[in-house]
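Atom set for the values below is all heavy atoms of this structure, side chains included, hydrogens, waters and symmetry mates excluded.
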Amino acid sequence: MAIAAATVSAQLACSARRNISLSSSSLLSPHLPTLTSKINSFKLIATSTNPNPSFRISSMSSSLQTPPDTISQLSFLDRRESAASLHFVKYHGLGNDFILVDNRDSVEPKITPEQAVKLCDRNFGIGADGVIFVLPGFNDTDYSMRIFNSDGSEPEMCGNGVRCFAKFIAELENLQGKQSFTVHTGAGLIVPEILEDGKVKVDMGVPILNAADVPTKLPTTNSQPVVNSRLDVDGVSWNVTCVSMGNPHCVTFSKEGTQNLQVDELNLADIGPKFEHHNMFPARINTEFVQVYSRSHVRMRVWERGAGATLACGTGACAVVVAAVLEGRTERRCTVDLPGGPLEIEWREEDNHVYMTGPAEVVFYGSVPV
């Protein structure tokens with residue numbers, strides 16, 4: 001994973017109130033082993049086994065250095081937390097980034113939604129789209145997953161987040177190769193599988209199309225799905241299809257006067273909140289704006305409920321393919337390009353389940369006062 005910059009927020013340091021920015025060009029310099037400048041309370045580690053290294057930040061050391069090959073990847077995770085600090089690992093799935101917390105010793109999250117908001121702040125905290133907790137299993141599942149969004153709200157689940165969740169589990173349990181888990185979420189049972197190439201394939205379950213269950217107040221007849229329905233937003237008529245992947249989505253491919261959106265021309269910061277808080281969506285809504293390239297290739301931008309414009313949304317990509325099939329725009333297997341990269345989505349006809357395949361990458365390790 002190539003990283004343009006690794007920024008250590010001042011919130012992560014107990015005593016230093018300053019930001020430190022390190023460019024990847026300097027980190028990859030052949031002179032890196034000779035660097036001895038001190039970084040208060042942190043050690044940044046570039047893994048030598050990957051030609052595009054990830055960077056790991058630990059509060060155990062005060063020097064910037066490359067590690068010997070014998071350093072265990074689990075050494076940080078094995079440390080005990082103090083009452084005043086929280087260990088975490090930051091992951092991203094196509095740029096949709098999360099703070100992962102090992103919460104297997106309790107059924108309640110270790111921090112509050114208000115604390116999560118502070119940690120997710122990109123100027124005064126770690127910076128993330130949400131905080132994800134690995135909790136004990138429920139109803140015979142291997143694990144449970146809960147999420148606090150960057151605004152403190154709690155979504156039912158998150159597609160990119162569940163891929164990060166699976167990779168985090170593999171690291172916590174020191175698992176190698178192909179692995180699968182059963183995960184209890186607010187959206188029901190989710191089954192992620194780590195593939196041999198390191199990507200994660202997730203059985204996202206059956207899409208929910210009944211309007212009341214999405215939920216949406218948009219009119220429909222005879223319990224039919226809301227497909228290509230008109231939605232007026234700030235004086236503009238949009239054509240929308242509503243899908244729930246355990247969390248609600250409004251998908252649009254066109255608006256009045258257009259047949260195919262040019263998604264890069266949209267001002268998401270302006271239009272996104274108007275969709276999210278529209279009175280037709282009583283639980284608020286995630287909104288995907290989609291441009292169709294072919295029967296097997298689309299591009300989307302997303303405004304996420306509780307997080308705003310993000311680089312990727314896994315459940316959103318799943319909802320997009322379901323909506324595209326319902327509107328007759330694509331086949332059931334489709335590549336969905338997001339700002340952070342592509343996801344492979346398949347809505348299988350034989351079992352009606354949606355399958356998502358994509359990457360999840362570790363960014364860094366850290367401890368933060370709470």
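Salt bridge D151/R284: present, at least one basic N to carboxylate O contact under 4.0 Å. Under a 4.0 Å N-O distance rule, the pair E331/R295 qualifies as a salt bridge.
For T315 and N247, the side-chain atoms include at least one donor-acceptor pair closer than 3.5 Å. With no hydrogens or angles considered, no side-chain donor-acceptor pair links E276 and T287 at under 3.5 Å. With hydrogens and angles left out, the side-chain atoms of S254 and Q259 include no donor and acceptor closer than 3.5 Å. In summary, the side chains of T335 and H297 do not present any donor paired with an acceptor at a separation below 3.5 Å, with no hydrogens or angles considered. For the residue pair S237 / R230, a side-chain donor-acceptor distance below 3.5 Å is found, with atom types taken as modelled.
In summary, of the residues considered (P248, C242, C250, S244), a side chain to side chain contact (heavy atoms under 4.5 Å, CB included) with T216 occurs for C242 alone. Looking at F253, W238, W303 one by one, the single match for ring pair (Phe, Tyr, Trp, His ring centres under 6.0 Å) with F289 turns out to be W238.
Cluster membership for V325 and V206, using ILVMFWY side-chain heavy atoms within less than 4.5 angstrom, is not shared. When the side chains of ILVMFWY residues are joined at heavy-atom separations under 4.5 Å, either directly or via intervening members, M245 and L209 end up in a single hydrophobic cluster. There is no path of hydrophobic side-chain contacts, each under 4.5 Å, that joins L100 to V117. Under a hydrophobic-cluster definition in which Ile, Leu, Val, Met, Phe, Trp and Tyr are linked whenever side-chain heavy atoms come within less than 4.5 Å, directly or via other members, L261 and Y293 are assigned to different clusters. Hydrophobic clustering (side-chain heavy atoms under 4.5 Å, transitive across Ile, Leu, Val, Met, Phe, Trp, Tyr) groups L175 together with Y91.
Figure legend: R348 and Y355 shown as a cation-pi pair, the cationic atom lying under 6.0 angstrom from the six-membered ring centre and within 45 degrees of its axis.
A donor-acceptor pair under 3.5 Å is formed between the side chain of H278 and the backbone N or O of D232. Side chain of D121 to main chain of N123: a donor-acceptor pair is present (N/O by atom type, distance under 3.5 Å, no hydrogens or angles). Listed for the N239 side chain is no donor-acceptor partner under 3.5 Å among the backbone atoms of N228. Judged by distance alone, the side chain of R146 and the main-chain N or O of E156 form no donor-acceptor pair under 3.5 Å. Remark: side-chain polar atoms of R163 are not paired, donor with acceptor, to backbone N or O of T357 under 3.5 angstrom. No donor-acceptor pair closer than 3.5 Å links the side chain of N352 to the backbone N or O of P207. N149 places no side-chain N or O within 3.5 Å of a backbone atom of G152 that could act as its donor or acceptor partner. No side-chain donor-acceptor contact under 3.5 Å links D102 to the backbone of L172. Looking at K90, its side chain does come within 3.5 Å of a backbone N or O of G127 through a donor-acceptor pair. Put simply, the side chain of T182 gets close to the backbone of D142: a donor and an acceptor are under 3.5 Å apart.
At a threshold of 4.5 Å between non-hydrogen side-chain atoms, the residues M280 and L231 count as touching. With a 4.5 Å cut-off on side-chain heavy atoms, L338 and L343 count as touching. Side-chain contact between F168 and V134 is present, with heavy atoms from C-beta onward closer than 4.5 Å.
When the shell of 6.0 Å around CZ of R333 is examined, it contains 12 or fewer heavy atoms from other residues, nucleotides or ligands.
The two atoms that bring P359 and L94 nearest to each other are CG-CD2, 3.5 Å, heavy atoms only. Closest non-hydrogen pair, E288 versus C313, comes out as OE2-SG, 4.4 Å. Of all the heavy atoms in P192 and A166, the pair that sits closest is CB-CB, 3.9 Å. Taking each heavy atom of M204 and G159 in turn, the nearest pair found is CE-CA, 3.9 Å. Here the closest non-hydrogen pair linking K110 and D105 is CE-OD1, 3.4 Å. When every heavy atom of K167 is checked against every heavy atom of G198, the shortest pair comes out as NZ-O, 3.1 Å.
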* side chain to side chain contact (heavy atoms under 4.5 Å, CB included) between S180 and I194, intermediate numbers included -> CA-CA 6 Å; S180 65; I194 301 174; over 6 Å; no

* Step by step, would you call E193 with K201 a salt bridge (Lys or Arg N to Asp or Glu O under 4.0 Å)? -> CA-CA 5 Å; E193 178 183 16; K201 182 176 183 178; 5.8 Å; no

* Go through the steps to decide whether V214 and V243 satisfy the test side chain to side chain contact (heavy atoms under 4.5 Å, CB included), and finish with yes or no. => CA-CA 6 Å; V214 170; V243 179; over 6 Å; no

* Asked: Does the side chain to side chain contact (heavy atoms under 4.5 Å, CB included) test come out yes or no for L86 and V101, once each step is laid out?
  -> CA-CA 8 Å; L86 178 76; V101 176; 3.9 Å; yes

* Check step by step if salt bridge (Lys or Arg N to Asp or Glu O under 4.0 Å) holds for D129 and R305. => CA-CA 11 Å; D129 292 322; R305 178 187 60 167; over 6 Å; no

* Would you please test F98 and V131 for side chain to side chain contact (heavy atoms under 4.5 Å, CB included) and show each step? => CA-CA 6 Å; F98 304 95; V131 181; over 6 Å; no

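Ring geometry for F138 versus H184: interplanar angle of 30 to 60°, hence tilted.
For T220, the side-chain contact (heavy atoms from CB on, under 4.5 Å) partners at least two apart in sequence or on another chain are A211, Q224, V226. L311 pairs by the side-chain contact (heavy atoms from CB on, under 4.5 Å) definition with P339, not counting sequence neighbours.
Between the SG atom of C164 and the CD atom of E361 there is a distance of 9.0 Å, given to the nearest 0.5 Å. One finds the CZ atom of R332 at 9.5 Å from the OG1 atom of T330 (value rounded to the nearest 0.5 Å).
Applying the salt bridge (Lys or Arg N to Asp or Glu O under 4.0 Å) rule to pairs touching residues 251-274 yields D234-K274, D264-R299, D270-K274, sequence neighbours excluded.
Between F133 and F148, the distance from one ring center to the other falls under 6.0 angstrom.
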